[in-house]
Protein chains: 2
Amino acid sequence: MDGIGNYIKRKRAELNLTQEKLALKAGVGLRFLRELEQGKSTLRMDKVNQVLQLFGQELGPVPINRNVPE
Amino acid sequence: MDGIGNYIKRKRAELNLTQEKLALKAGVGLRFLRELEQGKSTLRMDKVNQVLQLFGQELGPVPINRNVPE
DNA sequence: CATATCTATACCCGTTTGGGTATAAAAATA
DNA sequence: TATTTTTATACCCAAACGGGTATAGATATG
């Protein structure tokens, strides 16, 4: 239920953006955004941060088994 | 003052571990751990998570300009 | 059903990571 | 100061990322 991928997915849905448009806004490739939403774990932090910044968020250490912020 | 690198550094100091020993415990290379503590932004999420797990933490979206958890 | 839109998976390939190692610098200790 | 420990920087190279693209599947809309 949690995970960064689903977080991005939810945020993107809130803004009614397609993967293509979000990738464009974030400056990442479409393929990357898809792998991100699907929970690929080996992605580069800087690229993930490019997407998170659009939502005022960034990668940081959080307790395992936390609840994802709204 | 914040940043994942400094977070790791602080946690490592709390346990009185050298970079070498922490890298070994985390199962990552020594060079990687050093780049991590020095704030390199292009590292892979899975490797960073291997280190964070030793402190019960993992990468997740957090608000920009937050305070790092103790 | 037909059409358009969005998403998922696979391929090619240049660039970069990350491990290991070696060397140097810095810090701690006697 | 001398010695040891710890940390920082540079090199080599296999492996993987990430962009682009093509294709197929899924979903929505008329």
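Every chain is numbered from 1 and lettered A, B, ... according to where its sequence line falls, protein lines coming before strand lines.
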d([atom1], [X]; [atom2], [N]) in whole Å:
{"X": "B:Arg34", "N": "C:dA22", "atom1": "CZ", "atom2": "C1'", "answer": "12 Å"}
{"X": "A:Leu36", "N": "D:dG18", "atom1": "CG", "atom2": "P", "answer": "10 Å"}
{"X": "A:Leu43", "N": "C:dT16", "atom1": "CG", "atom2": "P", "answer": "17 Å"}
{"X": "B:Leu24", "N": "C:dG19", "atom1": "CG", "atom2": "P", "answer": "12 Å"}
{"X": "A:Arg31", "N": "D:dA16", "atom1": "CZ", "atom2": "C1'", "answer": "10 Å"}
{"X": "B:Leu33", "N": "C:dG19", "atom1": "CG", "atom2": "C1'", "answer": "13 Å"}
{"X": "A:Asp46", "N": "D:dG19", "atom1": "CG", "atom2": "C1'", "answer": "14 Å"}
{"X": "A:Glu35", "N": "C:dC11", "atom1": "CD", "atom2": "P", "answer": "14 Å"}

Looking at [X], does any N or O in its side chain come under 4.0 Å of the phosphate oxygens OP1/OP2 on [N]?
{"X": "B:Thr42", "N": "C:dT17", "value": "yes"}
{"X": "B:Arg12", "N": "D:dT7", "value": "yes"}
{"X": "B:Gln19", "N": "D:dT5", "value": "no"}
{"X": "B:Gln38", "N": "D:dT9", "value": "yes"}
{"X": "B:Lys47", "N": "C:dG19", "value": "yes"}

Want to settle it: does B:Thr18 or B:Arg44 sit nearer the 5' end of DNA chain D, counting the closest nucleotide to each?
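Counting from the 5' end, the first nearest nucleotide belongs to B:Thr18.
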Are the side chains of B:Met45 and A:Leu59 in contact, using a 4.5 Å heavy-atom criterion?
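When only atoms from C-beta onward are counted, B:Met45 and A:Leu59 do touch, with a gap below 4.5 Å.
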Can you check whether A:Val62 reaches B:Glu58 side chain to side chain, under 4.5 Å on heavy atoms?
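Yes; the side chains approach each other to less than 4.5 Å.
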How is B:Lys21 classified with respect to the nucleic acid when contacts are heavy atoms under 4.0 Å: base, sugar-phosphate, or nothing?
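B:Lys21: no heavy atom of the nucleic acid under 4.0 Å.
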Look at the side chain of A:Lys40 and decide which nucleotide, out of D:dC17, C:dG19, D:dT9, has an atom nearest to it.
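For A:Lys40, the side-chain atoms sit closest to D:dC17.
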If you compare all heavy atoms of B:Tyr7 against all heavy atoms of B:Gln57, which two are closest, and at what distance to 0.1 Å?
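Taking B:Tyr7 first and B:Gln57 second, the nearest heavy atoms are OH-CG, 2.9 Å.
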Heavy-atom pair of closest approach, residues A:Phe32 and A:Val48
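The pair with the smallest heavy-atom distance is CZ-N, 3.8 Å.
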Would you mind checking if B:Glu14 and B:Lys11 are paired as a salt bridge, meaning a charged N to carboxylate O distance below 4.0 Å?
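Answer for the salt bridge query: yes.
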